[in-house]
Amino acid sequence: MSKTEDVPNMLISDMRTEIPFGLGVGGGGISAPPPSSIPVPIGSHGPSHGGSHSVGHGIGHSVSHAGSHTAPHSGSHGHGGSHSSSGGSTLLGYIGIDTIIEQMRKKTMKTGFDFNIMVVGHSGLGKSTLVNTLFKSQVSRRSAGWARDEKIPKTVEIKAVSHVIEEGGVKMKLTVVDTPGFGDQINNDNCWEPISKYINEQYEKFLKEEVNITRKKRIPDTRVHCCLYFISPTGHSLRQLDTEFMKRLSHSVNIIPVIAKADTLTIEERQEFKQRVRKELEMSGIEFYPQKEFDDDMEDKSDNDKIREAMPFAVVGSDKEYQVNGKRVLGRKTAWGIVEVENPNHCEFAQLRDFLIRSHLQDLKEVTHNIHYETYRAKRLNENGGLHPISSAETQESNL
């Protein structure tokens, strides 16, 4: 009878083995917490960041990076969960969980991506040129039919130009939002207001689509994911307009400050200016992207600390190519030689590009959706008892 008793005990033991919930990005152990402690990630960054990281060691890395900053748990801390599953479970055969990454890839390849970038700074700082250099194509407003004799507007204008760019079969709808007239007037009081209004209008559009009774399968995303703020290379300090703009908009959009036309400064001047700018931003209580409180874990903190220490990036833009040592390079030709845009010894353009596009582009979108948009959404829904759902008939009438 001892044999027959062993069988059910073995079955019970197997039944208690928990099914893996996610895959570690780094290929580590696979584990899962009890169902009651599994948080449901709504995206990456939750509206609140006082909580713990996602679930246990095995799954915590995968959830926090696939869905990045999740809302804090209700219940036990992620690292404290079930000890029986923390070491991982040995599967008896192939299930196919690992194919979800390929499924996600195929789906996103079909739908494509949206990325909306805003450039702010007074005229003559090379905003359009830098955006063209970043994406190696003529995507700026000036490249899309801008006339050389165009006068500086008397007030701040908002002009958006969209392009679909493709690389390696991946399509991205890129929208570049320009702000001609910013900082170019004698009196620049409140010149940030049209920009703030535009950012909030895009949140409002998205919110109205969300509360529709009949919603679109894919809501068009015109929200500003990133704002490149161009600082004049004075070598002295920030202007009052610079600090005022960033202070007022840093809580509604991801601001990335850059020092424009860095080739006008020597290496020593550049380093001193960068340190001075960082100190002034800290003293003014201005938080630029990536914000410290949004770091997922120690690995993220370590990577983002390096980026924060290097900011603001001192950059040079150019869409002209020159021959240097037998190679074609993007650069600016001077009487003393050629400033190579992508040479890290000449400027920090390559660091900005890698950070903006190759490592943090998706995170910029997630912070926009789960932090800035959620803050706006909560505020709007708390006003006047919230927004009422809009029927499809009302939507059609409003479009007429």
Side-chain angles (χ1 to χ4, degrees), residues 43 45 47 113-121 127-128 131 139-141 144 153-164 172-185 188-230 241 244-256 288-289 364-392 394-400:
H45 304 262
F113 300 86
D114 294 311
F115 187 61
N116 308 317
I117 183 170
M118 174 181 275
V119 289
V120 180
K127 300 186 296 293
S128 299
V131 172
V139 293
S140 69
R141 177 180 64 91
K154 293 182 179 179
T155 57
V156 178
E157 297 178 356
I158 310 292
K159 296 189 177 181
V161 178
S162 296
H163 301 267
V164 175
M172 183 172 77
K173 183 185 176 184
L174 174 69
T175 300
V176 179
V177 184
D178 200 356
T179 55
F182 177 84
D184 293 327
Q185 314 305 320
N188 289 304
D189 288 349
N190 303 324
C191 65
W192 54 81
E193 287 183 353
I195 298 171
S196 179
K197 182 184 176 185
Y198 176 85
I199 291 169
N200 288 330
E201 282 174 352
Q202 308 320 303
Y203 290 148
E204 186 70 17
K205 278 184 186 177
F206 198 90
L207 179 57
K208 284 185 176 177
E209 288 289 348
E210 272 194 335
V211 299
N212 279 349
I213 292 174
T214 307
R215 294 200 294 184
K216 294 177 182 176
K217 186 177 180 182
R218 190 181 179 203
I219 298 175
D221 190 2
T222 59
R223 297 168 298 179
V224 178
H225 301 126
C226 168
C227 173
L228 284 181
Y229 187 81
F230 287 69
L241 177 60
E244 199 65 35
F245 174 87
M246 287 188 272
K247 187 183 292 184
R248 289 177 180 270
L249 273 77
S250 62
H251 296 293
S252 58
V253 69
N254 296 315
I255 292 180
I256 298 177
F288 51 83
Y289 179 86
L364 282 161
K365 295 182 65 175
E366 290 174 352
V367 174
T368 299
H369 181 75
N370 295 305
I371 302 297
H372 299 309
Y373 170 68
E374 281 297 320
T375 301
Y376 178 86
R377 178 179 174 274
K379 183 182 175 184
R380 284 287 287 116
L381 294 179
N382 282 328
E383 291 174 355
N384 304 321
L387 292 174
H388 298 290
I390 304 170
S391 67
S392 56
E394 287 174 325
T395 305
Q396 289 173 1
E397 285 175 13
S398 65
N399 290 335
L400 292 176

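What you see below is based on every heavy atom in this structure, not just the backbone, and it leaves out hydrogens, waters and symmetry mates.
Judged by distance alone, the side chains of Asn254 and Thr368 do bring a donor and an acceptor atom under 3.5 Å apart.
At least one donor-acceptor pair closer than 3.5 Å links the side chain of Lys127 to the backbone N or O of Gly121. Not one N or O on the side chain of Glu209 forms a donor-acceptor pair closer than 3.5 Å with the backbone of Lys205. Under a 3.5 Å cut-off, the side chain of Asn200 and the backbone N or O of Lys197 do not form any donor-acceptor pair. At least one donor-acceptor pair closer than 3.5 Å links the side chain of Asn116 to the backbone N or O of Asp221. Without hydrogens or angle criteria, Ser250 side chain to Met246 main chain gives a donor-acceptor distance under 3.5 Å.
Contact annotation: the side chain of Asp178 never approaches that of Ser140 to less than 4.5 Å [non-hydrogen atoms, C-beta and beyond]. You'll find the side chain of Asp114 reaches within 4.5 Å of the side chain of Arg218, heavy atoms only. Residues His372 and Ile199 are not in side-chain contact: their nearest non-hydrogen atoms beyond the backbone lie 4.5 Å or more apart. Counting only heavy atoms from C-beta outward, the side chains of Tyr198 and Val224 approach each other to under 4.5 Å. Trp192 places none of its side-chain heavy atoms less than 4.5 Å from the side chain of Val156.
Of the charged side-chain nitrogens involved, none lies within less than 4.0 Å of a carboxylate oxygen, so that Lys247 and Glu244 do not count as a salt-bridged pair.
Interatomic distance, Arg380 CZ to Tyr373 OH, rounded to the nearest 0.5 Å: 10.5 Å. Note that NZ of Lys159 is 11.5 Å distant from OG1 of Thr179, once rounded to the nearest 0.5 Å.
Between Cys191 and Phe182, the closest heavy-atom pair is SG-CE1, 3.4 Å.
Exactly one residue among Arg377, Arg223, His225 makes a side chain to side chain donor-acceptor pair (under 3.5 Å) with His369. That residue is Arg223.
The ring of Tyr229 has its center no closer than 6.0 angstrom to the ring center of Phe288.
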